[in-house]
Amino acid sequence: MAQFTLVSGSVGLITLQNPPVNALSAATRQGIVDMMNKALNDPEVKSVVVCGQNRIFCGGADIKEFGTKISGPPLIPTIHTIEATNKPVVAAIEGSALGGGLELALGCHYRIAHSKARLGLPEVTLGLLPAIGGSQRLPRLIGVPAAIELITTGRHITAAEALQLGLVDHVTRSSTVDEAIKFAQSVEGKSLDSRRISNYPCPHLPDLDAVFEGVMQEVRQKAHGAIAPIACVQAVRAAATLPYLEGMEIERQLMETLFTSSQARALQYTFFAQRAVSRWSMPSGARWDTSMPKPVHKAAVIGLGTMGRGITVALAQAGLSVVAVETQEKQLKEAKLVVSGILERAAQRRGMAPTLAKITYSHDIRAVADVDLVIEAVFEDEALKEKVFQQLSAVCKPGTFLCTNTSSLDVDHLASLTHNPELVVGMHFFAPAHVMKLLEVVYGSKSSPEALATVMQLGKRMGKVSVAVGNCWGFVGNRMLKPYMEQAFYLLEEGATPELVDQALVEFGFPMGVFRMSDLSGTDVYWKIRKEAEPVGASGQEARVRKGLRYSPLGDLLCEQGRFGQKTGQGWYQYDKPGSRVARPDPWVHNFLEEYRARHGLVARRIDHAEVLERCLYSLINEGFRILEEGIAAGPEDIDMIYVFGYGWPKHRGGPMFYASMVGLAKILERLEHYHRAHPDVPFMQPCSLLRKLVTCGSPPVHKWKDVIKKIHSQL
Ligand SMILES: CCC/C=C/C(=O)SCCNC(=O)CCNC(=O)[C@H](O)C(C)(C)COP(=O)([O-])OP(=O)([O-])OC[C@H]1O[C@@H](n2cnc3c(N)ncnc32)[C@H](O)[C@@H]1OP(=O)([O-])[O-]
């Protein structure tokens, strides 16, 4: 797990060997301890270079070990030994030096990085803090403000930035290990007094208390309830105010609390789930590792509204040639300006040339004749999309994949209008499409494994977290959102205000509540969808029962007043002016709700945050279980990643299905039964049979649910 070689006569080369990322597993830590002892005790060795096998220094602690009983030696004493030795120790950083990997490098006397290397302390993203001395050494080396920023965000930085910050001593474009060996020899026998970071005083900051107060406020606000960023600030404060060893003790105590927290478990689950969803499977048995994607060099986007523009940017940034088609001249002109502007600004930020030449614009759909893949992003209108699919099927070269960005239409139906339904796949982007990480990839009943593999690979190229799901109304994300939003409306009918519901959800960790979100995206968006799905019928606009089930017309009544949210300056909240982002509670809305309740003989009651969360979240989770039962999502990780990366579900709660497992499935079942008894006309509250089955099986942990689902399917 670590190898020792004597090179150039006097340099002990220690190579970490734990593929794929040389994570610090128990065996690797043991290897480092043993090999370092060997090097430091060998009189022939005058200096040491530490590097990683396969051009990656070290991806940090072995995250797989975190949920288990940790064995093997701790690294802190070894890092102290390295720092204290009189033999110069040089870290040769290639690939990544992250978390514990960078902390090991910080214990070395010198750090040399390859120009393509990435460095960072991403522990916070796993619900932890850099507790192998990183929180104490980094501020001493690069100063408190820069250290706080790196440690609380977990950002990976380039070697160039690391050099600028003083985190590394030298950056090279040639062989890092060779340079490190040469450098190590050049400093053999020289004093290392000025190279031991733990001896550095933390760079002085005037008015330390005020600085930390400001930082804490900012970090708290961004954390949305996550505890690790707060602990990171506390640890850096210890570095800034206490001697090194006392700071280390604070680091240890803070880590002890974080290490066993449910937030750390959720974030570590998310780390692996994010990677697991790329290993997709279809109900037919087709899988990621047996299906070959086709190369996509040139793609087209049809329709250059907000979504089409974002998709064009995402494709161009992924290095593809793009044909962007919009039939309306004015819209086409405007789109060109917007797309170029986004690409230019992004290129400026990265210090690169923009990829404008890769895009050709046209108002004629025939311009897509030679592309490998088309993404249709026209207005969400069934007749229009039908026409576009028929046209595409006629003009595209044989074998072109046809994708739709629909959020609510039937992928199978669109596929049926083409000559080759096996080439049709849904690509459900989230606005803004070049920013949002999630891509729901929807395979229809006829989609070929090759088509799915191609689109999943394209999603990866665009930097998306792509999740393959089956075809059904709303796919996974929007289908689960329906019961959640319905409950929010019912809560208003029963006595809540939009502020109360939103506050409960924000305290849970969502960046904003359902009503604020609805104002932001436009209250009319779902109104249009509702009007198609839930026609008014003979009983009228105000009817609270439709098709025999409970219905709340509150959202529809609000829209009829022209209150479309932020864009009109009025929605569930009031805004200073149309487009303003500052939402204030609106007495008009409170009055509107009171009058509505009076008209329907509803008596307002006190509703607390716990009820808001249980009703909104458990009904959403219940629908998640139905989706799993139907095989629309292959596993709970798929649902969770859709919610974390597309719907603002707090990462530190792991996604709805992981959250359900943390709350306890039996409790979720009991509360759903309770609410279903109280609201028998709300089918979303009726516990799903998979949930019952899992509870009967003793509520297995989330990674075992697939086994139960498989058993149910095999019994059918
Ligand atoms: C002790 C207290 C203090 C804590 C200190 C810490 O260091 S906390 C840790 C701080 N460190 C971090 O947070 C760094 C986390 N890692 C990363 O950010 C990236 O993996 C990368 C940039 C190192 C490589 O990116 P890339 O796109 O080239 O590759 P990829 O991402 O696809 O990964 C390939 C495979 O390696 C696996 N794996 C990766 N890392 C670890 C790990 N540490 N452990 C175990 N496994 C790990 C990964 O699951 C995947 O396995 P799969 O799915 O094939 O079975």
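It should be emphasised that the depicted structure is a prediction, and the values quoted were computed from it without experimental measurement. Each ligand, and each atom within it, is numbered from 1 in the order the structure gives.
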Under 4.0 Å to a heavy atom of [X] - the qualifying atoms of ligand 1, by number:
X	value
F272	49 (O)
L98	14 (C), 18 (O), 22 (C), 23 (C)
G100	5 (C), 6 (C), 7 (O)
D62	44 (N), 45 (C)
H156	18 (O)
P20	35 (C), 36 (O)

> Once the angle between the rings of Y643 and Y647 is folded into 0 to 90°, is it parallel (under 30°), tilted (30 to 60°) or perpendicular (over 60°)?
Replying inline: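 Parallel.
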> What is the ring orientation for F658 with Y269, classed by angle as parallel under 30°, tilted 30 to 60°, or perpendicular over 60°?
Replying inline: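 Parallel, since the angle between the ring planes stays under 30°.
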>> So is E65 touching ligand 1 or not, going by heavy atoms under 4.0 Å?
In response: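 Outside the 4.0 Å threshold, so no.
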[atom]: nearest protein contact (heavy atom, Å):
atom	answer
atom 5 (C) of ligand 1	E123 OE2, 3.3 Å
atom 46 (N) of ligand 1	K64 NZ, 3.8 Å
atom 31 (O) of ligand 1	R275 NE, 2.8 Å

Taking [X] for the side chain and [Y] for the main chain, is one N or O donor matched with an acceptor at less than 3.5 Å?
X	Y	answer
E103	G134	yes
T85	T81	no
K460	V465	no
R111	L167	yes

> Can you find an N or O of L128 that's nearer than 3.5 Å to an N or O of ligand 1?
Replying inline: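 So ligand 1 has no N or O lying under 3.5 Å from an N or O of L128.
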> Does L126 reach ligand 1 with a nitrogen or oxygen that is under 3.5 Å from one of the ligand's nitrogen or oxygen atoms?
Replying inline: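 It does not: no N or O of L126 is found under 3.5 Å from an N or O of ligand 1.
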Using protein heavy atoms only, decide if any is under 4.0 Å from [atom].
atom	result
atom 25 (O) of ligand 1	no
atom 44 (N) of ligand 1	yes
atom 28 (O) of ligand 1	no
atom 51 (O) of ligand 1	no
atom 36 (O) of ligand 1	yes

>> Using a 6.0 Å cut-off, check whether atom CZ of R461 has over 12 heavy atoms from anything other than its own residue.
In response: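 Enclosed.
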> Yes or no on side chain to side chain donor-acceptor pair (under 3.5 Å) for E179 and T172, after CA distance, side-chain angles and deciding distance?
Replying inline: CA-CA 8 Å; E179 286 229 10; T172 177; 2.9 Å; yes
>> Whether the Q136 and S198 side chains hold a donor-acceptor pair (N or O, under 3.5 Å, no angle test) is what I'd like checked.
In response: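 No pair is found: no donor N or O on one side chain lies under 3.5 Å from an acceptor on the other.
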> Hey, are H434 and Q317 close enough side-chain-wise for a donor-acceptor pair under 3.5 Å?
Replying inline: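 Result is no, nothing qualifies.
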> Applying the side-chain hydrogen bond (donor to acceptor under 3.5 Å, both in side chains) test to Y244, which of R140, E249, R137 qualifies?
Replying inline: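 With Y244 as partner, side-chain hydrogen bond (donor to acceptor under 3.5 Å, both in side chains) holds for just one option, R137.
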Relative to [atom], which among [options] owns the nearest non-hydrogen atom?
atom	options	result
atom 11 (N) of ligand 1	S135, A97, G59, G99	G59
atom 3 (C) of ligand 1	Q274, M255, R279	M255
atom 6 (C) of ligand 1	S278, P74, A61, C58	A61
atom 13 (O) of ligand 1	G133, S25, P122, G60	P122
atom 40 (N) of ligand 1	V21, L258, V124	V21

Would you mind writing out the side-chain donor-acceptor pairs for residues 18-27 within the sub-3.5 Å range, not counting sequence neighbours?
| from | atom 1 | to | atom 2 | distance (Å) |
| --- | --- | --- | --- | --- |
| N18 | ND2 | A23 | O | 2.8 |
| N18 | ND2 | S25 | OG | 3.3 |
| N18 | ND2 | T28 | OG1 | 3.3 |
| N22 | OD1 | N18 | N | 2.7 |
| N22 | ND2 | Q53 | O | 3.1 |
| N22 | ND2 | I56 | O | 2.7 |
| S25 | OG | T28 | N | 3.2 |
| S25 | OG | T28 | OG1 | 2.8 |

> What ring-ring contact (aromatic ring centres under 6.0 Å, His included) pairs are there with at least one residue in residues 110-145, not counting sequence neighbours?
Replying inline: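 Non-adjacent pairs meeting ring-ring contact (aromatic ring centres under 6.0 Å, His included): Y110-F183.
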> Is it the side chain (CB and beyond), the backbone, both or neither of F271 that lies under 4.0 Å from ligand 1, heavy atoms counted?
Replying inline: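 For F271, only side-chain atoms sit under 4.0 Å from ligand 1.
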> Would F430 and F645 count as a ring-ring contact (aromatic ring centres under 6.0 Å, His included) if you check the C-alpha gap in whole Å, the side-chain angles of each, and the deciding distance to 0.1 Å?
Replying inline: CA-CA 10 Å; F430 290 73; F645 289 102; over 10 Å; no
